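Hydrogens, waters and symmetry mates are skipped; everything else that's a heavy atom, side chains included, is used. Being a predicted model, the structure only gives us computed values, none of them experimental. If you read the sequence from its start, that first residue is 1, and numbering goes on from there.
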Amino acid sequence: MREFGELESAIMDALWRADRPLAVREVRESMDYDRDVAYTTVMTVTNILFHKGLLDRRKCGRAWQYWPRESREEHTARVMREVFSGCGDPHTTMLRFVESCSDEDMARLGAALREVRSRRARAS
């Protein structure tokens with residue numbers, strides 16, 4: 001499942017890499033994208049991402065400045081939760097996902113599970 005089209009991904013990547021809100025002109029300049037894209041196209045797609053709830057914005061002079069509402073990691077985790085909650089059989093889906101993981105991914109998953117269990121134990 002892919003949430004973003006190519007241009008949306010390039011815009012989100014530019015904003016996730018940024019250390020501050022960016023105007024559309026700055027987004028366009030910092031995007032990694034194979035084709036030259038018109039300013040108005042980037043402006044339109046950025047506005048669409050705002051209306052989808054993925055970006056926040058504020059007026060700065062005549063231009064809007066945009067920034068992501070979530071970090072890349074928070075966004076990815078939310079999309080993963082949506083996939084697992086929307087599937088027919090979450091157990092089997094998770095099992096198939098874990099079966100497809102590399103040994104390195106399995107080690108990261110094990111470490112993440114231990115960390116979450118530890119945090120929950122400390123909180124209770």
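- In the hydrophobic cluster analysis, where Ile, Leu, Val, Met, Phe, Trp and Tyr join through side-chain heavy atoms closer than 4.5 angstrom, Phe84 is grouped together with Met106.
- Closest non-hydrogen pair, Thr46 versus Val42, comes out as OG1-O, 2.7 Å.
- By the side-chain hydrogen bond (donor to acceptor under 3.5 Å, both in side chains) test, Ser118 is found to be paired with Arg122, residues two or more places apart in sequence or in another chain being considered.
- Between Glu8 and Lys52 there is a salt bridge, with a side-chain nitrogen of the basic residue lying less than 4.0 Å from a carboxylate oxygen of the acidic one.
- Salt bridge annotation for Glu82-Arg78: present, with a cationic side-chain nitrogen under 4.0 angstrom from a carboxylate oxygen.
- Without hydrogens or angle criteria, Ser100 side chain to Phe97 main chain gives a donor-acceptor distance under 3.5 Å.
- Taken to the nearest 0.5 Å, the CD atom of Glu70 stands 10.5 Å off from the CG atom of Asp56.
- Applying the side-chain hydrogen bond (donor to acceptor under 3.5 Å, both in side chains) rule to Ser85 yields no partners; only residues at least two apart in sequence or on another chain are considered.
- Of the inter-residue distances, the one linking Leu55 atom CG with Arg69 atom CZ reads 8.0 Å to the nearest 0.5 angstrom.
- Under the ring-ring contact (aromatic ring centres under 6.0 Å, His included) criterion, no residue pair touches residues 33-70, with sequence neighbours excluded.
- Ring orientation note: the planes of Trp16 and His75 are tilted relative to one another, at an angle of 30° to 60°.
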Point to revise | Working for side-chain contact (heavy atoms from CB on, under 4.5 Å), residues Met31 and Ile11 | key: CA-CA 6 Å; Met31 284 176 15; Ile11 290 168; 3.7 Å; yes

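- Between Arg28 and Ala38, the shortest heavy-atom distance links the atoms NE-C, 3.8 Å.
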Exercise for review: Just do the side-chain contact (heavy atoms from CB on, under 4.5 Å) check on Ser71 and Glu74 with the steps written out, would you?
Suggested key: CA-CA 5 Å; Ser71 70; Glu74 290 165 336; 3.2 Å; yes

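- Put simply, OG1 on Thr44 and CG on Leu49 are 11.0 Å apart, with the number rounded to the nearest 0.5 Å.
- A salt bridge is defined here as a Lys NZ or Arg NE, NH1 or NH2 lying under 4.0 Å from an Asp or Glu carboxylate O, and Arg17 with Asp32 meets this definition.
- Shown here for Arg114 and Ala107, the closest heavy-atom pair between the two residues is NH2-O, 4.4 Å.
- Counting heavy atoms of neighbouring residues, nucleotides and ligands inside a 6.0 Å radius, atom CG of Asp34 does not exceed 12 of them.
- Annotation: side chain to side chain contact (heavy atoms under 4.5 Å, CB included) contacts of Leu95 (sequence neighbours excluded): Glu99.
- Within the 3.5 Å criterion, the main-chain N or O of Glu26 finds a donor-acceptor partner in the side chain of Ser30.
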Practice item. Before giving the answer on side-chain contact (heavy atoms from CB on, under 4.5 Å), spell out for Asp13 and Arg72 the whole-Å C-alpha distance, their side-chain angles and the decisive distance to 0.1 Å. Key: CA-CA 8 Å; Asp13 286 342; Arg72 181 189 309 267; 2.7 Å; yes

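- Follow the hydrophobic side-chain contacts under 4.5 Å out from Leu109 and you reach Met94 in the same cluster.
- Using a cutoff of 4.0 Å between basic side-chain nitrogens and carboxylate oxygens, Glu115 and Arg108 are not scored as salt-bridged.
- For the side chain to side chain contact (heavy atoms under 4.5 Å, CB included) test, residues two or more places apart in sequence or in another chain that qualify with Ser102 are Glu104, Asp105.
- Nearest heavy atom pair, residue Gln65 against residue Pro21, reads CB-CB, 3.9 Å.
- The distance from the CG atom of Leu15 to the CG atom of Leu54 is 10.5 Å, given to the nearest 0.5 Å.
- The side-chain hydrogen bond (donor to acceptor under 3.5 Å, both in side chains) search around Arg120 returns none, not counting sequence neighbours.
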